[in-house]
Engineer: 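Got a structure here, written out as structure tokens. Questions coming.
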Amino acid sequence: MSFALIDCDSFYASCERIFRPDLSHKPVVVLSNNDGCVIARSKEAKALGVGMGVPWFKVKDHYLKHQGAVFSSNFALYGDISGRMMHILSLFTEKIEIYSIDEAFIGVPHCIMMNPQQATALGQDIRQCIKTWLGIPVRIGIAPTKTLTKIASYIAKHNPAYHGVCAIPNNQYLINRYLKQVPVHEVWGIGRRLRQQLSTQNIDTAYDLACIDAQMIRKKYSVVLERMVRELRGEACLALNEEHDPKKQIIVSRSFAKKVTNLQELNPIVNDFVVRGFEKLRNEKQLCTKISVFIRTSAFDKSNLGYQGFDTFTYAQPTQDTRQGLRAARQILQKIFIPAYAYAKAGIILNDFNGVTNFQQPDLFEEAAPQYDNSNQLMSALDLINKEHRNVYFASQNQVGYTAMRRSMVSPRYTTNINELPVAK
DNA sequence: TCTGGGGTCCTAGGACCC
DNA sequence: TCTGGGGTCCTAGGACCC
């Protein structure tokens, strides 16, 4: 079996455009939480020089001068559109791996790959469907390995002649021709550090990387890079993962709109993270054995030395009871909180999920955590009540939810809230 | 003034065992 | 004066991804 990668163009920006056809050829950017960084840009916004991940305040004036549209992130919308796209893909094949909110791999049978025209036609079919039914433009890369589908997608992105679909056949000579067109840092799995290291060895293109001796690369670098090299040569090392892997970790964290300096203010915020984290945990049908809390000052503040507090609590028994989470978080926070710092961000991490193997031998001298009666029933009832609207809170939770976020330019929840449906006039 | 959030995998090294 | 060899498990931190 070969693979196809379906990858949306500037996904968040494209989602915003669905209900705003007036923006179809205008610059569109989408901002991260707190309207902090640019996390999606349309083609036109890129052309204005707006970089990925740049702080909004740095490009704001320049961007708005050119009549660019800007949105706070609207994950209710993006998540819903993503689900619809995955549904369309499922009409073409059962062999599908949802890789991220805007990307999916699907399996392509060998018989189709034997004929490059047929493979390309299939890609165009899928692309048209998604464009027509959903209004989202996608790119499709088809190839014998997952890593090569990423290469194909890159080629399609940079050559308009491909009309968004590039199929690389299983032929070493042809593969190499494509690899020579791609800079090594565009290879899936090559980040900043590896790019630097490889550059000192004069490895600059994907082709250069594919030519390295696999044994040597394993010794000198790692199995990860070895796998990449093999994949680039057309040897499939990564399979299609059709199952939804259970999570191994849950993180809830936020940067604050305003710096926080005292524990009284910090406690309810962190408690809110705990409540949210345990909801996710129960949604995953898991129990956790460890909870960590971290708080930190701004990474960009040069005026003081900065501080990062982090500690972990291990439960004697795995739990999914929010009250256990709140107890532990309060203890940790008291331990790691140092007054006199201005905190910019905090978060919680849940770890070591359920499973019999994760059973911890209780500590003989540890004070036993209280066991709550009917814990499961209470948590289920809570989740049920809060499913539609958040009606029931813990007293120690922040009233406003997390910490007040700047989100001044958010679009309506067009597809997920009955009161915000678009109106056709 | 203002700089995101949520994940996975791998490796080296320490603690511990016999 | 001289202090082994082989192994497992866990953790923190690095690197990468979208």
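By convention in this document, chain letters (A, B, ...) are assigned in the order of the sequence lines, proteins followed by strands, and residues within each chain are numbered from 1.
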Engineer: Rounded to the nearest angstrom, tell me the gap between atom CD1 in A:Ile190 and atom P in C:dC16.
Structural biologist: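 To the nearest whole Å, that distance equals 8 Å.
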Engineer: NZ of A:Lys60 versus C1' of B:dT1: gap in Å, rounded?
Structural biologist: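 Value for this atom pair: 10 Å.
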Engineer: Considering every strand and a 4.0 Å limit on heavy-atom distances, what is the contact class for A:Leu194: base, sugar-phosphate, or nothing?
Structural biologist: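 Since only primed, P, OP1 and OP2 atoms lie under 4.0 Å of A:Leu194, the category is sugar-phosphate.
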Engineer: Once you round it to whole Å, what is the distance between P of C:dC16 and CD of A:Glu226?
Structural biologist: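 Distance, rounded to whole Å: 17 Å.
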Engineer: With ring centroids as reference points, do A:Phe71 and A:Tyr12 lie under 6.0 angstrom apart?
Structural biologist: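 Between A:Tyr12 and A:Phe71, which both carry aromatic rings, the centre distance is not below 6.0 Å.
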Engineer: Give every donor-acceptor pair under 3.5 Å between a side-chain atom in residues 408-416 of chain A and any protein atom, sequence neighbours left out.
Structural biologist:
| unit_1 | atom_1 | unit_2 | atom_2 | d |
| --- | --- | --- | --- | --- |
| A:Ser408 | OG | A:Asp35 | OD2 | 3.2 |
| A:Ser411 | OG | A:Glu16 | OE1 | 2.7 |
| A:Ser411 | OG | A:Glu16 | OE2 | 3.1 |
| A:Ser411 | OG | A:Asn74 | ND2 | 3.0 |
| A:Arg413 | NE | A:Glu420 | OE1 | 3.3 |
| A:Arg413 | NE | A:Glu420 | OE2 | 3.2 |
| A:Arg413 | NH2 | A:Glu420 | OE2 | 2.7 |
| A:Thr415 | OG1 | A:Asp80 | OD2 | 2.6 |

Engineer: Would you tell me whether A:Asn241 and A:Glu97 have side-chain atoms, one donor and one acceptor, within less than 3.5 Å of each other?
Structural biologist: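 Their side chains do not contain a donor-acceptor pair, so the 3.5 Å distance test is not met.
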Engineer: Give a yes or no on whether a salt bridge exists between A:Lys150 and A:Glu103, defined as a side-chain N under 4.0 angstrom from a carboxylate O.
Structural biologist: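 Looking at A:Lys150 and A:Glu103, the cut-off is met.
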Engineer: Base, sugar-phosphate alone, or nothing: which one does A:Val187 contact when heavy atoms must sit under 4.0 Å apart?
Structural biologist: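 If one applies the 4.0 Å heavy-atom cut-off, A:Val187 turns out to touch the sugar-phosphate alone, with no base involved.
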Engineer: Determine the contact category for A:Tyr99: base if any of its heavy atoms lies under 4.0 Å from a base atom, sugar-phosphate if only primed atoms, P, OP1 or OP2 are that close, otherwise nothing.
Structural biologist: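 Sugar-phosphate: the residue A:Tyr99, judged by heavy atoms under 4.0 Å, touches backbone atoms but no base.
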Engineer: Under 3.5 Å, side-chain donor or acceptor atoms of residues 160-169 of chain A against the rest of the protein: list the pairs with distances, not counting sequence neighbours.
Structural biologist:
none

Engineer: Quickly work out the A:Lys150 NZ to C:dC16 C1' distance and round it to whole Å.
Structural biologist: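 Atom-to-atom, A:Lys150 to C:dC16, this comes out as 12 Å.
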Engineer: Any salt bridge between A:Glu279 and A:Arg390, counting N to O under 4.0 Å?
Structural biologist: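 Looking at A:Arg390 together with A:Glu279, the answer is yes, because their closest N to O distance falls below 4.0 Å.
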Engineer: Where along nucleotides 2-14 of chain B does protein come under 4.0 Å, by heavy atom, of base (B) or sugar-phosphate alone (S), with - for untouched nucleotides?
Structural biologist: BBSSSSBSSS---
Engineer: Searching all strands shown, indicate the nucleotide that pairs with B:dC18 (Watson-Crick or G-U wobble; both distances under 3.5 Å).
Structural biologist: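 Base-paired to C:dG5.
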